[in-house]
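Numbering of residues begins at 1 and proceeds along the displayed sequence.
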Amino acid sequence: MLAEKFFNLDINNDLFQLAIKPPSCGGGLEFKGLALLGDKFLDTSLITYFNEIRITDSGIITQKKQEFHNERTLVKIGQYLEIPSYLHPIDNNQNITDKDIKETVESLIEVSRKINGDDFTSKKIINLYEIATERNFLDVNWIGKLSEYYQGKTGEIMPDINPKRVGGEDHLPIYEAKYELMLDYWTYSVSSGLHNNKMDCKREIAWKMLNELHGISINPGQLNNITGLNNISIPKNIKKIIKTSLKETEIVFSRPNTESHSNSQIYLSEETGEKLSDWVMRKASKNPFGMLLLLSARLSDVSGASWSASLDEGELTLLNLSLGGKMFFEIGFGRSKSKSKKNVGLQMIMQADIFEWIEKNHPNETI
């Protein structure tokens with residue numbers, strides 16, 4: 001399945017070429033900017049999808065999102081989309097890295113959003129999530145689930161899974177695993193396929209054993225929310241108790257202490273010759289919230305303000321941004337203030353389409 005066809009990108013070859021050039025292949029800040037926005041849109045699409053299928057617990061949503069949005073899974077998605085065939089390092093002695101493949105997937109997502117729109121791209125992301133579920137690409141902790149199930153049944157620690165090397169070169173060994181568990185006076189046996197690392201063998205063994213123990217073919221997605229796995233049948237008549245997910249307390253946002261900041265100054269680098277658009281991408285990749293703050297100091301048609309609130313669960317940041325008189329608002333959450341600010345900065349960059357706005361309104365400006 002070629003990525004170009006999957007995301008319908010053959011109608012804009014210029015953007016497509018930007019999306020398949022990580023730094024190792026000659027790309028630069030434009031690629032990093034696309035990957036950054038694609039990363040955020042990927043999270044947003046998954047969260048929306050989980051809510052649509054009535055998964056509302058924030059902890060479960062975070063777990064399921066992380067099972068898909070991680071390097072291991074996105075590399076497998078990239079291989080499914082044949083992304084390595086597009087990547088050509090500028091140094092012939094350099095190999096394509098997992099990070100290159102992951103960021104190219106994210107970059108292609110953002111390019112698809114620009115070409116085809118949010119709805120089309122969100123549907124493609126969900127399509128990829130379903131493919132990852134069916135093909136066991138998701139980074140589910142199958143070993144932990146099997147261990148939990150075994151310990152719940154026996155009260156003992158599960159025996160180790162020990163893959164053995166069966167071939168391959170020293171730089172690319174090949175492993176295989178065979179595994180047995182005895183439960184209820186019955187021995188269950190499974191074997192893995194061939195893998196280039198031991199962990200993939202262990203993951204496959206655990207997944208197959210869970211299928212074997214239940215005597216059915218379990219789709220990986222079915223086990224994501226099961227704890228204990230002692231009984232996967234569901235009673236027909238269940239009374240549900242609806243609870244509020246947050247404490248019924250008032251959330252009060254406050255502005256930064258203006259008195260403590262009254263004498264503070266922002267120092268801006270000047271006459272560097274760097275294009276403003278390049279500066280925006282470079283700064284956004286490291287500190288999106290800080291970039292917006294500095295941008296408002298650089299440009300007269302950009303302004304903003306922020307407020308914060310502390311909860312037991314973490315920090316909230318409310319950000320208001322004005323671009324050429326058009327107002328935007330976003331709220332970010334994180335375990336710390338810095339994480340909250342980073343999240344709200346990324347969301348604002350995506351909602352306001354900062355990069356395109358800069359290219360349109362300040363195309364040739366340098367700092």
Side-chain angles (χ1 to χ4, degrees), residues 1-3 6 22 24 42 63-87 89 93-106 108 127-151 157-183 187-224 226 229:
M1 173 62 70
L2 291 173
F6 181 85
S24 64
L42 177 54
Q63 173 195 323
K64 291 178 73 64
K65 178 168 64 71
Q66 290 174 346
E67 288 173 355
F68 181 82
H69 195 177
N70 62 81
E71 186 170 284
R72 178 186 177 276
T73 300
L74 290 189
V75 166
K76 289 187 175 295
I77 288 293
Q79 291 166 344
Y80 171 80
L81 294 173
E82 301 180 35
I83 283 175
S85 66
Y86 294 109
L87 305 183
N93 296 317
Q94 186 174 354
N95 294 322
I96 296 299
T97 66
D98 286 352
K99 182 180 179 183
D100 288 334
I101 298 174
K102 171 187 177 291
E103 291 188 344
T104 301
V105 172
E106 294 167 338
L108 287 167
N127 188 195
L128 289 176
Y129 180 83
E130 292 168 346
I131 290 168
T133 301
E134 292 168 1
R135 294 171 177 258
N136 195 20
F137 291 169
L138 294 178
D139 198 18
V140 180
N141 185 8
W142 299 117
I143 301 169
K145 290 181 180 293
L146 178 61
S147 176
E148 181 183 359
Y149 176 74
Y150 181 83
Q151 191 163 8
I157 296 175
M158 185 183 81
D160 290 337
I161 304 169
N162 295 310
K164 304 294 184 183
R165 181 172 174 177
V166 295
E169 304 295 332
D170 288 342
H171 69 283
L172 197 65
I174 298 174
Y175 297 96
E176 184 181 30
K178 300 181 186 297
Y179 191 62
E180 290 186 350
L181 275 184
M182 180 174 285
L183 276 173
T187 300
Y188 299 84
S189 301
V190 294
S191 299
S192 75
L194 302 177
H195 297 278
N196 294 127
N197 64 74
K198 293 182 178 181
M199 183 52 69
D200 281 346
C201 282
K202 291 181 179 182
R203 289 170 53 82
E204 184 183 354
I205 284 290
W207 176 51
K208 285 185 173 179
M209 183 59 77
L210 284 166
N211 279 268
E212 190 74 15
L213 290 172
H214 290 88
I216 58 174
S217 178
I218 301 176
N219 184 299
Q222 290 178 255
L223 295 175
N224 286 357
I226 299 174
L229 294 172

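Atom OG of Ser192 and atom CD1 of Ile161 lie 9.5 Å apart (nearest 0.5 Å). Rounding to the nearest 0.5 Å gives a distance of 10.0 Å between CD1 of Ile143 and CG of Asp160. The distance from the OG1 atom of Thr187 to the CD atom of Glu212 is 11.0 Å, given to the nearest 0.5 Å. The distance from the CD1 atom of Ile101 to the OH atom of Tyr86 is 13.5 Å, given to the nearest 0.5 Å. Distance CG/Leu138 to CZ/Arg203: 8.5 Å, rounded to 0.5 Å. For the atom pair Leu2 CG and Tyr80 OH, the distance stands at 10.5 Å (nearest 0.5 Å).
In terms of the ring-ring contact (aromatic ring centres under 6.0 Å, His included) criterion, residue partners of Phe68 (sequence neighbours excluded) are, by chain and number, Tyr129. Annotation: salt bridge (charged side-chain N to carboxylate O under 4.0 Å, His left out) contacts of Lys202 (sequence neighbours excluded): none. For Lys65, the salt bridge (charged side-chain N to carboxylate O under 4.0 Å, His left out) partners at least two apart in sequence or on another chain are Asp43. By the side chain to side chain contact (heavy atoms under 4.5 Å, CB included) test, Gln151 is found to be paired with no residue, residues two or more places apart in sequence or in another chain being considered. Partners of Asn127 according to the side chain to side chain contact (heavy atoms under 4.5 Å, CB included) rule, which considers only residues two or more places apart in sequence or in another chain, are Phe6, Glu130, Ile131.
Taking every heavy atom of both residues into account, Pro89 and Leu87 meet most closely at CD-O, 3.7 Å. Smallest separation of non-hydrogen atoms from Leu146 and Met209: CD1-CG, 3.8 Å. Nearest heavy-atom pair, Asp98 versus Val75, reported as atom, atom and distance to 0.1 Å: O-CG2, 3.5 Å. Shown here for Thr73 and Ala132, the closest heavy-atom pair between the two residues is CG2-CB, 4.4 Å. Looking at every heavy atom in both residues, Val105 comes nearest to Leu74 through CG2-O, 3.7 Å. Taking each heavy atom of Tyr150 and Ile157 in turn, the nearest pair found is CE2-O, 3.7 Å.
Under a 3.5 Å cut-off, the side chain of Asp100 and the backbone N or O of Ile96 do not form any donor-acceptor pair.
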>> Apply side-chain contact (heavy atoms from CB on, under 4.5 Å) to residues Leu210 and Lys145 and explain how you reach the verdict.
In response: CA-CA 8 Å; Leu210 284 166; Lys145 290 181 180 293; 4.2 Å; yes

Donor-acceptor pairs are to be reported for all side-chain atoms of residues 169-180 against protein atoms at under 3.5 Å, with residues two or more places apart or in another chain.
{"from": "Asp170", "atom 1": "OD1", "to": "Arg165", "atom 2": "NH2", "distance (Å)": "3.4"}
{"from": "Tyr179", "atom 1": "OH", "to": "Pro159", "atom 2": "O", "distance (Å)": "2.5"}
{"from": "Glu180", "atom 1": "OE2", "to": "Ser189", "atom 2": "OG", "distance (Å)": "3.3"}

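Between Leu128 and Leu81, the closest side-chain pair of non-hydrogen atoms falls below 4.5 Å.
By the 4.0 Å N-to-carboxylate-O rule, Asp200 lies close enough to Arg72 to be salt-bridged with it. With salt bridges taken as basic N to acidic carboxylate O contacts below 4.0 Å, one links Glu106 and Lys102.
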